[in-house]
Student: 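There's a structure below that I have some questions on.
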Amino acid sequence: MSLGTREAIAEEAGQPEVIPGLYRYGRLVVPPPMRGTREILVHQNLIADEEGLSRIQDDDDLRRMRGERMLVDFPESMSLHVNAELAGDRRCARPWTVRFAADIARAYYLRFHQPLQVNSAVRTVAYQLRLRRVNGNAAGIGGEMASPHLTGEAIDFGKRDMTTEEIAWMRTYLRPLMQVGKVDVEEEFQQACFHISVYRSYAPAMALSRREYAEVGSPHVTRARADVDQ
């Protein structure tokens, strides 16, 4: 990679999150895994409800939300890749989630000169139902145990090819953000990924679209959400 390219990436990244030293007395310090729990899954759904986010029902709902910019595509770059197997209309998420993905990917690239890869992002209720028929571990579609991917706030970063140092860096970067309530993290081992729900507090200037803002709290949306939760 040329010096000019690295300088351009560094300028784009601005001031990345300050990461404490990963090494102590010359030895790598590996934080403990950020394992998922029932409480973390419940919390992700609680925050989504507090933020007024409905679950995305089907492909028509997905197209509408993309058209109204409630969901935006990931900006693929040298630092952020999207799994080639992910369908074109699934390469999107809530604007603040996309901002987070770009931020962490730039910081990761500056450290390791490797990209982060989004393996999963937005899902519809219809897709999640199909997934549950073939994967008994897949989350549900309603209530406090619903999959956070249905709101568009959640993404999965693949970690199968990460080194121990890279995994330590990810945990060190993510834990403070989780502690202040900007994200929730569930580190998965069977699927080998970091599942991350990103909340609007990460980028509060990115408000709902005008249509979605008008619908939050309306009887129509309340009824629709109740139908999903049953």
Student: Take atom CZ in R99; do more than 12 heavy atoms of anything else shown fall under 6.0 Å from it?
Tutor: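 No, not enclosed.
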Student: Looking only at heavy atoms, what is the nearest atom pair of F74 and I155, with distance?
Tutor: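 Smallest heavy-atom distance, with atoms named: CZ-CG2, 3.4 Å.
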Student: State plainly whether the residues R55 and D49 are in salt-bridge range, i.e. N to O under 4.0 Å.
Tutor: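 Between D49 and R55 there is a salt bridge, with a charged N closer than 4.0 Å to a carboxylate O.
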Student: Considering only heavy atoms from C-beta outward, does the side chain of L150 approach that of Q128 to under 4.5 Å?
Tutor: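 With C-beta onward as the side chain, the pair touches.
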Student: What residues, two or more places apart in sequence or in another chain, satisfy side-chain contact (heavy atoms from CB on, under 4.5 Å) together with T124?
Tutor: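 Only I56, D59, L62, R90, A126, Y127 meet the side-chain contact (heavy atoms from CB on, under 4.5 Å) criterion with T124.
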Student: Can you give me the closest heavy-atom contact between P148 and S197, atom names plus distance?
Tutor: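 Closest approach of P148 to S197, heavy atoms only: CB-OG, 3.4 Å.
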Student: Mind checking whether R175 and P32 have side chains closer than 4.5 Å, heavy atoms only?
Tutor: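 Contact flag for R175/P32 side chains = yes.
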Student: Working to the nearest 0.5 angstrom, can you tell me the gap between I47 CD1 and D184 CG?
Tutor: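 Result: 7.5 Å between the selected atoms.
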Student: Is there side-chain contact between P75 and L80, with at least one heavy-atom pair below 4.5 Å?
Tutor: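 Yes, close enough: below the 4.5 Å cut-off.
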Student: Do I167 and Y173 land in one hydrophobic cluster if side-chain heavy atoms of ILVMFWY residues count as linked below 4.5 Å?
Tutor: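 I167 clusters together with Y173.
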Student: Evaluate the criterion side chain to side chain contact (heavy atoms under 4.5 Å, CB included) for residue pair R200 and L53; output intermediate values, then yes/no.
Tutor: CA-CA 11 Å; R200 192 180 290 106; L53 303 182; 3.8 Å; yes
Student: Let me check something: do I40 and F189 share a hydrophobic cluster, defined by ILVMFWY side-chain heavy atoms less than 4.5 Å apart, either directly or through other members?
Tutor: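 Different clusters: I40 never reaches F189 through Ile, Leu, Val, Met, Phe, Trp or Tyr contacts under 4.5 Å.
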Student: Considering all heavy atoms of both residues, which atom of G152 and which atom of T97 are nearest to each other, and what is their separation?
Tutor: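 Smallest interatomic distance, heavy atoms only, reads O-OG1, 3.9 Å.
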Student: Would you call M78 and Y109 a side-chain contact if the rule is heavy atoms closer than 4.5 Å?
Tutor: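 Yes, their side chains come closer than 4.5 Å.
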Student: Can you tell me how far the OG1 atom of T163 sits from the CH2 atom of W169, to the nearest 0.5 Å?
Tutor: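 Rounded to the nearest 0.5 Å, the OG1-CH2 separation comes out at 12.0 Å.
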Student: Considering non-hydrogen atoms only, spot the tightest contact between L28 and T164 and give its length.
Tutor: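 For L28 versus T164, the nearest heavy atoms are CD2-CG2, 3.8 Å.
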Student: Between K159 and E166, is the closest basic N to carboxylate O distance under 4.0 Å?
Tutor: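 Looking at E166 and K159, the cut-off is not met.
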Student: Is it the case that one hydrophobic cluster holds both V29 and M34, taking links as side-chain heavy atoms less than 4.5 Å apart, direct or via other members?
Tutor: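 Not linked; separate clusters.
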Student: Would you say the side-chain atoms of K182 pair up with the backbone N or O of L177, donor to acceptor, closer than 3.5 Å?
Tutor: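 Not confirmed, K182 side chain does not pair with L177 backbone.
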Student: Is there a side chain to side chain donor-acceptor pair (under 3.5 Å) between Q44 and E153? Walk through the geometry before answering.
Tutor: CA-CA 9 Å; Q44 290 171 81; E153 283 196 315; over 6 Å; no
Student: Does the side chain to side chain contact (heavy atoms under 4.5 Å, CB included) test come out yes or no for L22 and E165, once each step is laid out?
Tutor: CA-CA 8 Å; L22 294 178; E165 182 180 5; 4.1 Å; yes
Student: Looking at every heavy atom in both R106 and S79, which two are closest together, and how far apart are they?
Tutor: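 Heavy-atom minimum between the residues: CG-OG, 3.8 Å.
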Student: Atom CD in E39, atom NE2 in H43: separation rounded to 0.5 Å?
Tutor: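 Going from the CD atom of E39 to the NE2 atom of H43 covers 11.5 Å.
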Student: Less than 3.5 Å apart, any donor N or O on the side chain of N83 or N119 sitting next to an acceptor on the other?
Tutor: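 N119 and N83 do have a side-chain donor-acceptor pair below 3.5 Å.
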Student: Between V125 and D58, does the side chain to side chain contact (heavy atoms under 4.5 Å, CB included) criterion hold? Intermediate values first, please.
Tutor: CA-CA 6 Å; V125 169; D58 51 27; over 6 Å; no
Student: For the atom pair SG (C92) and CZ (R69), what is the distance rounded to the nearest 0.5 Å?
Tutor: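 It is 10.0 Å, given to the nearest 0.5 Å.
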Student: Is the CD atom of E50 crowded by more than 12 outside heavy atoms at less than 6.0 Å?
Tutor: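 Counting other residues, nucleotides and ligands, CD of E50 exceeds 12 neighbours.
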Student: So that I can tick it off, tell me whether R94 and E51 are bridged by a salt bridge, with the cut-off set at under 4.0 angstrom between side-chain N and carboxylate O.
Tutor: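 No salt bridge links E51 with R94.
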Student: E187 and side chain to side chain donor-acceptor pair (under 3.5 Å): which single residue from R171, R35, H195 fits?
Tutor: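 Output: one option passes, namely R171.
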Student: Is F157 close to V118 at the side-chain level, that is, under 4.5 Å between some pair of heavy atoms?
Tutor: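 Heavy-atom side-chain distance check passes, below 4.5 Å.
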Student: Rounded to the nearest 0.5 Å, what separation is found between the CG atom of L41 and the CG atom of L46?
Tutor: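 Between atom CG of L41 and atom CG of L46 there are 11.5 Å.
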Student: For S120 and R123: C-alpha separation, side-chain torsions, deciding distance, then whether side chain to side chain donor-acceptor pair (under 3.5 Å) applies.
Tutor: CA-CA 8 Å; S120 185; R123 297 177 191 166; 3.1 Å; yes
Student: Measure across V183 and L174 and return the closest heavy-atom pair with its distance rounded to 0.1 Å.
Tutor: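 In this case the closest contact between V183 and L174 is CG2-O, 4.2 Å.
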Student: Taking the inter-plane angle between the rings of Y108 and F112 on a 0 to 90° scale, is it parallel (under 30°), tilted (30 to 60°) or perpendicular (over 60°)?
Tutor: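 The arrangement is tilted - the two ring planes meet at 30° to 60°.
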Student: Applying the 4.5 Å side-chain criterion to the ILVMFWY set and letting contacts propagate, would F194 and Y199 be lumped into a single cluster?
Tutor: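 Different clusters.
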Student: Let me see the working for R66 and V72 under side chain to side chain contact (heavy atoms under 4.5 Å, CB included), right down to the final yes or no.
Tutor: CA-CA 6 Å; R66 292 184 73 201; V72 298; over 6 Å; no
Student: Could you tell me if the ring centre of W96 sits under 6.0 Å from that of F100?
Tutor: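 Centroid distance W96-F100: not below 6.0 Å, so no.
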